[in-house]
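If you scroll down you'll find the structure; I have some questions about it.
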Amino acid sequence: MITVIGSINMDLVVTTDRAPEAGETVLGNDFQQIFGGKGANQAVAAARCGAETTLIGRVGNDSFGDTILKGLEREFGDGAAIEKIDGVPTGIAVILVDAKGQNRITVISGANHTFTEDSIEALRPVIARSRVLLLQLEIPMDAVSRSLAIAHEEGVYTILNPAPAADLPPDAYRLIDLLTPNESELSLLTGLPTGTRPQQIEAARMLHRRGVKSLIVTLGSYGSLCIDHKKNIKHVPAYSVNALDTTAAGDCFNGAVACEINHMMAEQSSGTFTPSIEELVRAIEFATKAAAISVTRMGAQPSLPYRHEIEKFDDWYVAQRTTDL
């Protein structure tokens, strides 16, 4: 089982031909309200990829929260442990998507930021019965750190997607089995430039020295770079498709990686799971296909594919591929 502790938002999505400059007004083309939040997105992605998944999150006692709860019940059934919190709004994300599919996002955290170390400690039984714990940084850092510590104590495999980018406490690194930054997050965490492959490798090695066991660095259209616990390195290319909306592509990737890690752990008879470079590549290849499908669709959770779609990727890609990188 995968447990995801993270954010739940209502995404307010505006599409436009181009983003306005400072002080400029432009006319939009469409507006939608779509379920989002990195925690919810990644949990839905993992569940649709075939993993038994529990989502733990919080919403406000408001209309957005009521709507989201109904939607997540359809997605997870009893596998969603969502609390309604009085006195704070449900989290929202205002998302502007231009004609090239690129997005600009502003997040108001609301109920997502009411998690405390004590509230996380109360979740220990749920964490303890999981194989994989998947986290992001849209809930308070103290709550993330406590979640990592509990999972480490209980022998649960930890995946941290360090987004939105933020510095991590020094003692958190040794609690992370798999860290999944993108290029800019890798640079922020290390203070090093990450514009070239050698720079990315050096930055990743720095995080190894801090205690992270394995890393997957996502590089957008250039694919992913992975480094295992023995510091073996492998680049996995991306698929070139016509992107409509890149919102939640990273969340899709992380949920799919978590799903494949969960499957591998289920296949292992006993002992501590430490994925080899080949196993990381297997997870990345599956997740890269999932993310490629997601960017050809609008919205966060509506774009997330199901496992049967990913398994038919090769046929789908024949029609969707583009020669532009």
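Heavy atoms only: backbone and side chains are in, while hydrogens, waters and symmetry mates are out.
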Salt bridge or not between D66 and K84? Use side-chain N to carboxylate O under 4.0 Å.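 Yes, D66 and K84 are salt-bridged.
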**Prompt:** When you check the gap from the basic side-chain N to the acidic O, do R209 and E202 get nearer than 4.0 Å?
**Reply:**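 Judged by the 4.0 Å cut-off on N to carboxylate O distance, R209 and E202 do form a salt bridge.
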Checklist entry - Is there a donor-acceptor pair under 3.5 Å between the side chain of N161 and the backbone N or O of A163? => result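 No, N161 side chain to A163 backbone: no donor-acceptor pair under 3.5 Å.
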query = Can you tell me how far CG of L123 sits from CD1 of I150, rounded to the nearest 0.5 angstrom?
reply =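 Going from CD1 on I150 over to CG on L123, the span is 7.5 Å.
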Nearest non-hydrogen partners of A19 and L96, listed with the distance |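 Where A19 meets L96 most closely, the heavy atoms are CB-CD2, 3.7 Å.
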| message | Can a donor-acceptor pair be found, under 3.5 Å and without considering hydrogens, that links the side chain of T53 to the backbone of A51? | response |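 Present.
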Which heavy atom in P125 sits nearest to a heavy atom in A122, and how many Å separate them?
->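 Closest heavy-atom pair between P125 and A122: CD-O, 3.6 Å.
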- Task: Taking all heavy atoms of H235 and all of G223, pick out the closest pair and write down the distance.
- Result: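 Looking at all heavy atoms of both residues, the shortest contact is NE2-CA, 4.4 Å.
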Please determine, by modelled atom types, if N182 and T218 share a side-chain donor-acceptor pair under 3.5 angstrom.
->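 Note: N182 and T218 side chains miss the donor-acceptor criterion.
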* Donor-acceptor pair, T247 side chain versus G299 backbone, under 3.5 Å? ->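 Checked: no pair found.
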message: Less than 4.0 angstrom from a charged side-chain N to a carboxylate O is my criterion; do E260 and R307 meet it?
response: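 Between R307 and E260 there is a salt bridge, with a charged N closer than 4.0 Å to a carboxylate O.
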Qualifying residue for side-chain contact (heavy atoms from CB on, under 4.5 Å) with P162, from I176, L189, L188: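 It is L189, the one option of I176, L189, L188 that forms the side-chain contact (heavy atoms from CB on, under 4.5 Å) with P162.
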Linking I/L/V/M/F/W/Y whenever their side-chain heavy atoms sit closer than 4.5 Å, directly or via other members, would I8 and L69 fall into one cluster?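 Looking at the clustering, L69 is in the same group as I8.
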Review point. Do side-chain atoms of H113 reach the backbone of I108 as a donor and acceptor pair under 3.5 angstrom?
Key: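 Here the side-chain-to-backbone pair does not exist.
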Note to self: Whether the side chain of T116 engages the backbone of S119 through a donor-acceptor N/O pair (distance < 3.5 Å, no angle test) should be reported.
What the structure shows: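 Such a contact is found between T116 side chain and S119 backbone.
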Does N262 reach the main-chain N or O of M1 with its side chain, forming a donor-acceptor pair under 3.5 Å?
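At least one qualifying donor-acceptor pair exists.
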Between the side chains of N9 and S7, does any donor sit under 3.5 Å from an acceptor?
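Result is no, nothing qualifies.
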- Item | Nearest non-hydrogen partners of S187 and T194, listed with the distance |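 For S187 versus T194, the nearest heavy atoms are CB-OG1, 3.6 Å.
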Linking I/L/V/M/F/W/Y whenever their side-chain heavy atoms sit closer than 4.5 Å, directly or via other members, would V132 and F273 fall into one cluster?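 The answer is yes; both residues are in one hydrophobic cluster.
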**Asked** Are the side chain of D315 and the backbone of K312 linked by a donor-acceptor contact shorter than 3.5 Å?
**Response**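 No; zero donor-acceptor contacts below 3.5 Å.
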Review point. Would you say the side chains of T90 and D62 form a donor-acceptor pair under 3.5 Å?
Key: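 Yes, because at least one side-chain N or O of T90 sits under 3.5 Å from a partner of the opposite role on D62.
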Q.
Under a plain distance cut-off of 3.5 Å, with no hydrogens placed, do T15 and N29 share a side-chain donor-acceptor pair?
A.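 Absent: no donor and acceptor within the cut-off.
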| field | Joint hydrophobic cluster, L225 plus L179, side-chain heavy atoms closer than 4.5 Å | value |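 Linked, L225 and L179 end up in one cluster.
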- Query: Does L304 offer a backbone N or O that forms a donor-acceptor pair with the side chain of R48 under 3.5 Å?
  - Reply: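 Such a contact is found between R48 side chain and L304 backbone.
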State whether R282 and E279 are salt-bridged, where the test is any N-O pair (Lys NZ or Arg NE/NH1/NH2 against Asp/Glu carboxylate O) under 4.0 Å.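 Not counted as a salt bridge, because no side-chain N and carboxylate O are separated by less than 4.0 Å.
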TODO: Return the minimal non-hydrogen interatomic distance between H263 and C49, and the atom names on each side.
DONE: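 Here H263 and C49 meet closest at NE2-O, 4.3 Å.
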- Query: So, T296 side chain and I293 main chain: donor-acceptor pair closer than 3.5 Å or not?
  - Reply: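 Yes; judged by distance alone, with no hydrogens or angles, the pair exists.
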Looking at R104 and D98, does any basic side-chain N land under 4.0 Å from a carboxylate oxygen?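 Looking at R104 and D98, the cut-off is met.
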Worksheet entry | Check: T190 side chain, L186 main-chain N or O, donor-acceptor pair, under 3.5 Å |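 The answer is yes, because a donor-acceptor pair under 3.5 Å joins these two groups.
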Review point. Between the side chains of Q301 and N41, does any donor sit under 3.5 Å from an acceptor?
Key: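 There is such a pair between these side chains.
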query = What closest approach, in Å, do F35 and T67 show between heavy atoms, and which atom pair accounts for it?
reply =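 Taking F35 first and T67 second, the nearest heavy atoms are CZ-O, 3.3 Å.
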Is there a path from I201 to V217 through hydrophobic residues (I, L, V, M, F, W, Y) whose side chains come within less than 4.5 Å of each other?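 As far as the 4.5 Å side-chain criterion goes, V217 and I201 are connected within one cluster.
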Membership question, hydrophobic clusters at under 4.5 Å side-chain separation (ILVMFWY): are L192 and I233 in the same one?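 No, I233 does not connect to L192 through the hydrophobic network.
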Margin query: Nearest 0.5 angstrom please: Q320 CD to S240 OG, how far?
Written below: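 Here the rounded value is 11.0 Å.
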